[in-house]
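Right, one structure below, let's go through it.
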Amino acid sequence: MSQSASLEKLLAAFSQPKPIPMAPIDKCPLNVLPLLPPKQEIIDRCIERWNISSDHETPNNKLELELAEGITIFIKFGPPSLVDMHEAYTQDLMHNLFKNHPTVRVLPVWLAFMDDAWTFVIMPHLVMYSTDVSQTIATPSPEECADAVVAITQAEVPSWLQAQAPGAIGGGPLRLHFFREIIPRKKHANLDELAEDVTKLSQWRVPVKFDQHEMRFYYVDVNPENFCRISNLTIVLDFGMAGLAPIEFQIVDMLTEHRSGYERVAHCVLEKLGREKLRKKETRFEALREDQRLWAVKTAWHKS
């Protein structure tokens, strides 16, 4: 199957009813796509939420809606800088890959659409999975968050995706913290283009080469708020900075993650991936490992 045919199949999946993947399914009333409000009503409610918070540094781009029969939906929306269809594709793919995983789950995407350059992604609210009083929504430990991230990086890449260019699912750009200011939202047609840019980033200009078989899923937004715990399951919530890339990109983002709260999760990810086994791969990015070197790389890139 060609990549375009596979993407078409992925898009078609948004219109199909999706079962709730969380245990216990038999106690959950929401096992098919609910009857949603009209499209324009969804857009209007989201824009109202955005406008109310427009004086904030980052307006609120998340909305909860209660429907009939106790059903609650969650909508993530906004301009391309906050959400796009590639995030919806990635989340929907991850939901299908992890729906039978023993400890990790991803919310299904019931519907995603664009209107006037904004994207609207509709999914079930977390409260729909807490089907009895014993299943409270809790905050996972850094180790449990890291377990979920490592599971994503180790998930088998479907055969129809193995030839995709590096980046978000469906052809989106690489979204990585250490690339954000250097190569903002650039799409790489193939691994050779990516290797050329990484070579430019190195203050030593050491040539870099990647192999297609090294392509793995990455998930680098390790904000603890992007994970929650229900029973023995860790739910991964945000796929704005996820996609396909050589494993080094996951490693480097974890090595350069120093924000409070995030750093502990990143450290656990590196420990679980096995630092000794990854030492050879880290050397490719030696010039990106420390903050002062990262700053030097950014300066060199902007001057080149």
Side-chain angles (χ1 to χ4, degrees), residues 14 18-23 28 30 46 49 58-66 71-78 81-112 119-131 135-155 168-169 172 175-177 217-243 250 253-254 257 259 261-266 268-269:
F14 286 126
K18 292 185 173 63
I20 292 295
M22 305 296 181
C28 185
L30 189 58
C46 290
R49 167 60 60 87
T58 302
N60 191 337
N61 71 322
K62 299 176 178 64
L63 178 67
E64 302 170 9
L65 284 182
E66 291 189 12
I71 295 173
T72 305
I73 62 174
F74 180 82
I75 307 172
K76 185 176 181 179
F77 63 92
S81 60
L82 295 178
V83 61
D84 60 20
M85 289 296 291
H86 297 296
E87 178 176 347
Y89 302 155
T90 304
Q91 179 174 330
D92 191 63
L93 174 66
M94 289 295 165
H95 160 70
N96 285 298
L97 290 178
F98 283 89
K99 59 186 176 183
N100 295 317
H101 194 278
T103 59
V104 179
R105 292 290 191 277
V106 176
L107 297 177
V109 174
W110 278 336
L111 186 67
T119 299
F120 300 79
V121 183
I122 302 173
M123 64 196 80
H125 193 281
L126 276 171
V127 298
M128 300 307 302
Y129 297 116
S130 186
T131 54
Q135 288 189 300
T136 57
I137 300 173
T139 301
S141 67
E143 289 77 11
E144 289 168 336
C145 296
D147 282 336
V149 173
V150 171
I152 290 171
T153 67
Q154 295 178 343
I169 303 303
R175 295 197 179 94
L176 298 149
H177 293 108
F217 292 115
Y218 68 87
Y219 184 97
V220 298
D221 193 359
V222 293
N223 182 350
E225 294 181 0
N226 289 337
F227 305 85
C228 69
R229 191 82 173 169
I230 299 178
S231 186
N232 66 328
L233 299 172
T234 299
I235 321 299
V236 186
L237 300 175
D238 191 314
F239 285 83
M241 300 187 75
Q250 180 76 47
D253 250 56
M254 300 299 94
E257 180 60 83
R259 288 174 293 178
Y262 296 56
E263 187 174 14
R264 177 58 184 158
V265 178
C268 289
V269 169

Does a side-chain heavy-atom distance below 4.5 Å link [X] with [Y]?
X      : Y      : result
Val236 : Asn226 : no
Leu126 : Thr72  : no
Met94  : Ile169 : no
Ile73  : His125 : no
Val104 : Asp147 : no
Thr234 : Cys145 : no
Val109 : Ile122 : no

Can you give me the closest heavy-atom contact between [X] and [Y], atom names plus distance?
X      : Y      : result
Pro224 : Val265 : CG-CG2, 4.3 Å
Ala168 : Arg175 : CB-NH1, 3.9 Å
Cys228 : Pro140 : CA-CD, 3.5 Å
Tyr262 : Asn223 : OH-ND2, 3.1 Å
Val106 : His95  : O-ND1, 3.0 Å
Asn232 : Arg229 : O-NH2, 3.3 Å

(message) Please evaluate residues Met254 and Val222 with respect to the criterion side-chain contact (heavy atoms from CB on, under 4.5 Å), reporting the C-alpha separation (whole Å), side-chain torsions for both, the decisive distance (0.1 Å), and the verdict.
(response) CA-CA 9 Å; Met254 300 299 94; Val222 293; 4.0 Å; yes

(request) Return the set of residues passing ring pair (Phe, Tyr, Trp, His ring centres under 6.0 Å) with Phe74 (not counting sequence neighbours), or none when no residue passes. (result) none

(request) Tell me, please, which residues at least two apart from Phe77 pass ring pair (Phe, Tyr, Trp, His ring centres under 6.0 Å). (result) none

(message) Return the CD1 to OG1 distance between Ile152 and Thr90, rounded to the nearest 0.5 Å.
(response) 10.5 Å

(request) Any chance you could measure Ile75, atom CD1, to Leu111, atom CG, to the nearest 0.5 Å? (result) 9.5 Å

(request) Dump the intermediate steps for salt bridge (charged side-chain N to carboxylate O under 4.0 Å, His left out) on Glu87 and Lys76, then the final yes or no. (result) CA-CA 10 Å; Glu87 178 176 347; Lys76 185 176 181 179; 2.7 Å; yes

(request) Go through the structure and list residues passing salt bridge (charged side-chain N to carboxylate O under 4.0 Å, His left out) with Arg49, not counting sequence neighbours. (result) none

(request) Report the residues that fulfil salt bridge (charged side-chain N to carboxylate O under 4.0 Å, His left out) with Asp221, sequence neighbours left out, ordered by chain and then residue number. (result) none

(request) Would you check, one step at a time, whether the test side-chain contact (heavy atoms from CB on, under 4.5 Å) holds for Tyr218 with Asp253? (result) CA-CA 10 Å; Tyr218 68 87; Asp253 250 56; over 6 Å; no

(request) For residues Phe217 and Phe239, establish whether the separation of their ring centroids is below 6.0 Å. (result) no

(request) Report yes or no: does Tyr219 contribute a side-chain atom to a donor-acceptor pair with the main-chain N or O of Asp238 at less than 3.5 Å? (result) yes

(message) Can you list everything that forms a side-chain hydrogen bond (donor to acceptor under 3.5 Å, both in side chains) with Glu66? Sequence neighbours excluded, please.
(response) none

(message) The criterion is side chain to side chain contact (heavy atoms under 4.5 Å, CB included); which residues satisfy it with Glu143, sequence neighbours excluded?
(response) Ser141, Arg264, Cys268, Lys272

(request) Report the C-alpha distance between Thr139 and Glu225 in whole Å, list the side-chain angles of each, state the deciding distance to 0.1 Å, and finish with yes or no for side-chain contact (heavy atoms from CB on, under 4.5 Å). (result) CA-CA 8 Å; Thr139 301; Glu225 294 181 0; over 6 Å; no

